[in-house]
Chemist: 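What follows is a structure written as structure tokens; I'll ask about it next.
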2 protein chains.
Amino acid sequence: MATHTHPRQNLSDLTARLRQHAQRITGPRQLILEVLRREDHPLTARQIHGQLDCDLATVYRSLRLLEEMAMVKRFDFGDGTARFELLGQNDDGHHHHLVCRECSTVVEIGECFSGNLEQRIAREHGFADVSHRLEFFGLCPDCQTT
Amino acid sequence: MATHTHPRQNLSDLTARLRQHAQRITGPRQLILEVLRREDHPLTARQIHGQLDCDLATVYRSLRLLEEMAMVKRFDFGDGTARFELLGQNDDGHHHHLVCRECSTVVEIGECFSGNLEQRIAREHGFADVSHRLEFFGLCPDCQTT
DNA sequence: TTCTATTTGCAAATCATTTGCAATAAGGGG
DNA sequence: CCCCTTATTGCAAATGATTTGCAAATAGAA
């Protein structure tokens, strides 16, 4: 369990969270949550849509909603396509990824640099409420042999 | 001068570098370099195009070329629009930015976390040739008063 | 200056994502 | 359990960044 602790929450927990936010529990939303629940790596909207039977626009709309209510987190690997991961109940989802430049394999990274750096940067420049986005890229073991 | 040291290279240096790569020195390419030279923050293709008199497609094509020959570096602030900065002669351009979530003001950040972290992550997961992308986001002094 | 391979401009194509709108479904109230 | 109001969906079309095909323009070598 050195890897990212993934919330193995069940569907009713998830729908309960939806309900808390006074949102309707619709078919597509449940399906999207199910898909995200069984993956522990970020998925693109298109990938999610591929495992579903609803409109792609609905997937985008639902993901945005779920992101606003902090049930999913959006990641950006710089390839022009957003990826989404399910968040646990009290999880701010702060973690990073190590992505293979060749095959796009993704490894979840729990570690991060010390908060010092962030605070120092914020202070030095007078910024408030500073967060960061950090992703690693490299060649995975398989792709090194090519 | 605590800020990112920006290469105040002149145009002939730049065209010389172009020439080294056996590329033609065309009007648009020189113009793009001139625009980038007088900015010390990353610009979008559209911003560059706004200060020029050539086709937007040419800007994109030139930027890609310049990126391939390591004369400009592409940055991604996660807003779906790439930004570009001029690189110095022997500069790998590795640095980061602090971006205001409100007004998009950009501050260049020279510091970075210790290379240890990156190496440890690479080793732990068997990845090679690991690099990273790191950007900070927050509220700049002006936008905090809102 | 001439010739040829590059490069440009323009328009159209892509790709991810968003949006307008009429049709449909969720969930509270009776 | 049915009805009604409102949120949500599907579909198609719009958007915005970026790329591409192709014929016309041009940089640089001969």
Side-chain angles (χ1 to χ4, degrees), chain A residues 11-12 14-36 42-69 71-85 99 104, chain B residues 11-12 14-36 42-69 71-85 99 104:
Chain A
L11 252 279
S12 49
L14 295 174
T15 54
R17 282 213 268 161
L18 255 185
R19 200 169 278 114
Q20 278 170 28
H21 288 260
Q23 303 297 158
R24 294 191 177 170
I25 319 291
T26 67
R29 287 176 188 171
Q30 293 190 85
L31 290 174
I32 290 172
L33 288 173
E34 278 186 47
V35 171
L36 287 175
L43 294 180
T44 66
R46 188 169 298 281
Q47 288 173 321
I48 295 170
H49 175 250
Q51 302 187 39
L52 254 55
D53 182 38
C54 75
D55 197 79
L56 183 56
T58 299
V59 175
Y60 277 107
R61 277 189 284 233
S62 299
L63 285 172
R64 193 132 57 89
L65 173 77
L66 293 170
E67 186 189 11
E68 279 161 13
M69 50 199 291
M71 290 188 65
V72 307
K73 176 148 178 137
R74 174 192 304 260
F75 287 96
D76 172 17
F77 293 171
D79 65 349
T81 312
R83 281 144 219 268
F84 302 85
E85 267 184 29
V99 185
S104 297
Chain B
L11 253 278
S12 50
L14 294 174
T15 53
R17 281 213 270 162
L18 255 184
R19 199 168 279 115
Q20 277 170 29
H21 288 260
Q23 303 297 155
R24 295 193 176 168
I25 319 290
T26 68
R29 286 177 189 170
Q30 292 190 86
L31 290 174
I32 290 172
L33 288 174
E34 277 186 48
V35 171
L36 288 174
L43 295 180
T44 66
R46 188 169 299 281
Q47 289 172 322
I48 295 170
H49 175 249
Q51 302 186 39
L52 254 54
D53 181 40
C54 76
D55 197 80
L56 183 56
T58 299
V59 175
Y60 277 107
R61 277 187 285 229
S62 300
L63 286 171
R64 193 132 58 89
L65 173 75
L66 293 170
E67 186 189 10
E68 279 162 12
M69 50 198 290
M71 289 189 64
V72 309
K73 176 147 176 137
R74 175 191 304 258
F75 288 96
D76 172 17
F77 293 171
D79 65 347
T81 311
R83 281 146 218 267
F84 302 85
E85 267 183 31
V99 186
S104 297

Chemist: Of all the heavy-atom pairs spanning A/Arg24 and A/Arg29, show the shortest one and how long it is.
Modeler: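 Smallest heavy-atom distance, with atoms named: O-NH1, 2.9 Å.
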Chemist: Test side-chain contact (heavy atoms from CB on, under 4.5 Å) on B/Met69 and B/Leu65; report intermediate values, then the result.
Modeler: CA-CA 6 Å; B/Met69 50 198 290; B/Leu65 173 75; 4.0 Å; yes
Chemist: On a heavy-atom basis, which atom in A/Ala82 and which in A/Arg74 lie closest, and how many Å separate them?
Modeler: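 Minimum heavy-atom contact is CB-NH1, 3.6 Å.
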Chemist: Considering only heavy atoms, which members of residues 42-56 of chain A lie under 4.0 Å from some atom of DNA chain C?
Modeler: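 Residues of residues 42-56 of chain A under 4.0 Å from DNA chain C: A/Arg46, A/Leu56.
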Chemist: Between C/dT24 atom C1' and A/Arg29 atom CZ, what is the distance in whole Å?
Modeler: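 My rounded result for the distance is 14 Å.
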Chemist: Within this structure, what is the CG-to-P distance between A/Asp79 and D/dT18, rounded to whole angstrom?
Modeler: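 Spelled out: CG on A/Asp79 to P on D/dT18 is 13 Å.
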Chemist: So, OP1 or OP2 of D/dT9: does either fall under 4.0 Å of a side-chain N or O from A/Thr26?
Modeler: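 Answer is yes, contact under 4.0 Å.
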Chemist: Mind listing the residues from residues 58-69 of chain B sitting with a heavy atom below 4.0 Å of DNA chain C? Number order is fine.
Modeler: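 Heavy-atom cutoff 4.0 Å gives B/Thr58, B/Arg61.
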Chemist: Expressed in angstrom and rounded to an integer, what is the separation of B/Arg19 atom CZ from D/dA29 atom P?
Modeler: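 Between P of D/dA29 and CZ of B/Arg19: 9 Å.
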Chemist: Tell me what B/Ala57 touches on the nucleic acid: a base, only sugar-phosphate, or nothing, going by heavy atoms under 4.0 Å.
Modeler: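 It contacts base atoms.
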Chemist: Which atoms form the tightest heavy-atom contact between B/Val59 and B/Ala45, and what is the distance?
Modeler: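 So the two residues come closest at CG1-O, 3.8 Å.
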Chemist: So among B/Leu33, B/Leu63, B/Ile32, which one has a side-chain contact (heavy atoms from CB on, under 4.5 Å) with B/Met71?
Modeler: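 Filter result, single survivor: B/Leu33.
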Chemist: Please state how far atom CG in B/Leu31 lies from atom P in C/dT7, giving the value in whole angstrom units.
Modeler: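 Between P of C/dT7 and CG of B/Leu31: 16 Å.
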Chemist: Any ion pair linking A/Lys73 and A/Glu85 (charged N to carboxylate O, less than 4.0 Å)?
Modeler: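 Salt bridge flag = no for A/Lys73 with A/Glu85.
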Chemist: Among the candidates D/dT6, C/dT17, D/dA27, find the nucleotide nearest to the side-chain atoms of A/Arg24.
Modeler: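 My answer, after comparing the listed nucleotides, is D/dT6.
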Chemist: Search all heavy atoms of B/Pro42 against all heavy atoms of B/Arg83 and return the closest pair with its distance.
Modeler: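 For B/Pro42 and B/Arg83, the tightest heavy-atom pair comes out as CB-CB, 3.4 Å.
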Chemist: Return yes if some donor-acceptor pair links the side-chain N/O of B/Thr58 with the main-chain N/O of B/Cys54 below 3.5 Å, else return no.
Modeler: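 It does not hold such a pair.
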Chemist: Starting at the 5' end of DNA chain D, which residue's closest nucleotide do you reach first, B/Arg83 or B/Gly27?
Modeler: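 Taking each residue's closest nucleotide, the earlier one in sequence belongs to B/Arg83.
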Chemist: List for me each residue that meets side chain to side chain contact (heavy atoms under 4.5 Å, CB included) alongside A/Gln51, sequence neighbours excluded, and say none if there are none.
Modeler: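 A/Gln51 satisfies side chain to side chain contact (heavy atoms under 4.5 Å, CB included) with A/Val35, A/Arg38, A/Glu39, A/Leu43 once adjacent residues are dropped.
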Chemist: Where the side chain of A/Ile25 is defined as all heavy atoms beyond and including C-beta, which of D/dT9, C/dG27, D/dA17 is the nearest nucleotide?
Modeler: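 Comparing D/dT9, C/dG27, D/dA17 against the side chain of A/Ile25, the answer is C/dG27.
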